[in-house]
Every structure is written in structure tokens, then in C-alpha cells.
Amino acid sequence: MTRTAQELLDAVAARLAPDPAANPLVPRFADGTAHRSAIAALALEQRSVIPADRRSFLHLAERSAAAGEAECAAFFRTLAEGETLAFERLGALVAACGVDKADADAYEPSVGCQAYPAYVAWLALNGTPVDVVLALNANFAAWGACCATLAQALPVHYGFSDEACAFFAFFAEPAPDLERQALAAVHAGMDRGLDATGTALRHGKLLQRYEAMFWETLADPTRGL
């Protein structure tokens, strides 16, 4: 039986869905037991992650357009635009953590947190665009769920304002346009004979593992040394 593009997206997302209980830090934010320093570290790591991911998505958009894969190009351009919007919201979070510009600029990113954008950059250079669409779509579902938890927990347990939590709220919001673009990209890929049973899942598994490393490092900073 031939699967539809939506069924393929859903199947890959289901295969790659992480166990929320395995996250070593987000549940501690949810109940208010995580130290505030972990919030600051998360925000400071994102100052490096977001610009790197944005450049990777723009490169993927360029590669897709050059290959005649307009649907993938549109998906990646939307991702890049989203990273720009997210970065605009990040400053308020950093400030709410009590970190001034000098300290933020002097911050040394952790290997465990920066492995994720490093792999996204690898995908930008080497990945087949539609495979990357499938892998990222699954990964963003997990990231969005974590951000939704933080957007709800930080005002309650840590006294953060709505402005300070806008970064997390942005990623937690539904993105119907992006979902439609992912669907269009996968549908077009299937029309070209896409076989996503292997490569997309391998990409997705690595993305999910690098995302897990991000949270593990924040929970235990010595892991990132």
C-alpha cells in the first residue's frame, strides 16, 4: 500500500519521537527544581545555535532551489526566517537571566550543546534536501514540546515575564504554514521517487541524539567539556 506524504511525515515523526521522561532537565524546569543558571546557559548557547542554524537553512534553501526542488527551498527559507525572529526574542531572555552583554559575549559555548548545529551544518552540505525536511520536521516536534514546557514553567516557578519567555513561546506555537511546506516538499519528493525508509531516519536519529546531548550538557555542564 502506497503511503501519502502526510502518512510518511507522521510515520517518521513517530519513529523518532523521544521519551519525554528521558530528558534530564525539562521535567526539572516543569516542577521548578532546576537551577536558574541552567536557564542562562540555555539562552547563551542559543546565541551560537540560532545564527549557525539560520546559515545552514539558507544554504539548504539555495541548494534546493539550484536542484529545482522549490518546495524544499520554501521550507528552508521559512526556517531561516523563523531563526531570525527567534534571535530577536532571545535578548530579553538573556537579560532576564541577569547576564550583561560583556558576559554574554565572553561566554564559551559547550561542545555538547553545539554538536546539534554542527550536524545541521553537515546536513546543509551533504543531506538530500527532502530527507533533511523529514528529519527536521520530526526533530522540531520534540524541540517545540520542550519549549512549550519552559514557556509555561518559567513564569510560574522563576518569575520570568512574558517578554522573557517569548523565545520559548515562539517555538511552542503551532506553525501551520511550515507544516504545509513540509507536506508539499515531501509530496514533491515522493513524486520524484523518494525512498525515505533509510537516510531520513538516520539523519533524524542523529538530530534527536544531538538534541538530547544539548539537554544533558545543560543538566550536567561537565559533560560538555
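Residue numbers count from 1 along this sequence. Both backbone and side-chain heavy atoms feed into the values below; hydrogens, waters and symmetry mates do not. Keep in mind that what you see is a predicted model, and the values were worked out from it rather than measured.
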* Is a side-chain donor or acceptor of Arg63 paired with a backbone partner of Ala124 at a separation under 3.5 angstrom? -> yes

* Looking at Asp131 and Ala200, what are the two nearest heavy atoms and their distance? -> O-CB, 3.7 Å

* Examine Tyr119 together with Trp122 and report whether their ring centres are nearer than 6.0 Å. => yes

* Determine the minimum heavy-atom distance between Leu16 and Gly204, stating which atoms define it. => CD1-CA, 3.5 Å

* Which pairs, with at least one residue in residues 41-57 and sequence neighbours excluded, count as a side-chain hydrogen bond (donor to acceptor under 3.5 Å, both in side chains)? -> Glu45-Tyr107, Glu45-Ser110, Glu45-Gln114, Arg47-Asp105, Arg54-Thr84

* **Pair listing, side-chain hydrogen bond (donor to acceptor under 3.5 Å, both in side chains) test, anchored in residues 21-32, at least two apart** => Asp31-Thr33

* Thr199 side chain reached by Thr128 side chain, heavy atoms, under 4.5 Å -> no

* Asked: Can you hop from Ile50 to Leu85 via hydrophobic side chains spaced under 4.5 Å?
  -> yes

* Asked: side-chain hydrogen bond (donor to acceptor under 3.5 Å, both in side chains) with Thr78: which residues, sequence neighbours excluded?
  -> Gln181

* ring pair (Phe, Tyr, Trp, His ring centres under 6.0 Å) involving Phe168 - partner list, sequence neighbours excluded -> none

* Should Leu42 and Leu150 count as side-chain neighbours, where that means a heavy-atom distance under 4.5 Å? -> yes

* Structure fact -> Output for pair (Leu136 CG, His203 NE2), nearest 0.5 Å, gives 9.5 Å

* Asked: Less than 4.0 Å between a side-chain N and a carboxylate O, is that true for Glu62 and Arg77?
  -> no

* Please report the closest heavy-atom contact between Leu8 and Met190, naming both atoms and the distance. => CD2-SD, 4.1 Å

* Heavy-atom pair of closest approach, residues Val99 and Ala104 -> CG1-N, 3.7 Å

* Going from CG on Leu206 to CE on Met213, what distance comes out if it is rounded to the nearest 0.5 angstrom? -> 11.0 Å

* **Derivation and outcome, side-chain contact (heavy atoms from CB on, under 4.5 Å), residues Leu218 and Cys113** => CA-CA 8 Å; Leu218 292 175; Cys113 290; 3.9 Å; yes

* Are Phe171 and Phe167 close enough that their ring centres sit under 6.0 Å apart? -> yes

* Asked: Rounded to the nearest 0.5 Å, how far does CG of Asp220 lie from CH2 of Trp215?
  -> 15.5 Å

* Co-membership, hydrophobic cluster, residues Ile39 and Val49, 4.5 Å side-chain -> no

* **Separation of Leu9 CG from Thr4 OG1 (nearest 0.5 Å)** => 8.5 Å

* If we only count heavy atoms from C-beta on, is the Phe29 to Cys146 side-chain gap below 4.5 Å? -> no

* Structure fact -> Residue set satisfying side-chain hydrogen bond (donor to acceptor under 3.5 Å, both in side chains) with Asp10, at least two apart, ordered chain then number -> Gln6

* Does Leu60 share a hydrophobic cluster with Leu58, counting links as ILVMFWY side-chain heavy atoms below 4.5 Å and allowing steps through other members? -> no

* Asked: Do Phe75 and Val12 share a hydrophobic cluster (ILVMFWY, side-chain heavy atoms under 4.5 Å, transitive)?
  -> yes

* State, yes or no, whether a side-chain contact exists between Tyr210 and Val120 at a heavy-atom distance under 4.5 Å. => no

* Structure fact -> Here the gap from Arg89 atom CZ to Cys165 atom SG, rounded to the nearest 0.5 Å, amounts to 13.0 Å

* **Criterion side-chain contact (heavy atoms from CB on, under 4.5 Å) on Gln208 and Trp143, from CA distance to verdict** => CA-CA 9 Å; Gln208 297 294 61; Trp143 168 248; over 6 Å; no

* Selection residues 149-177 - residue pairs positive for side-chain hydrogen bond (donor to acceptor under 3.5 Å, both in side chains), sequence neighbours left out -> Asp177-Arg180

* Asked: What closest approach, in Å, do Ala169 and Ala151 show between heavy atoms, and which atom pair accounts for it?
  -> N-CB, 4.0 Å

* **Transitive ILVMFWY side-chain link Leu178 to Leu183, under 4.5 Å** => yes

* Asked: Considering only heavy atoms from C-beta outward, does the side chain of His187 approach that of Asp191 to under 4.5 Å?
  -> yes

* Structure fact -> One should read off an interatomic distance between Leu44 CG and Asp103 CG, to the nearest 0.5 angstrom, of 9.0 Å

* Asked: Looking at Tyr116 and Phe140, what are the two nearest heavy atoms and their distance?
  -> OH-CE2, 3.9 Å

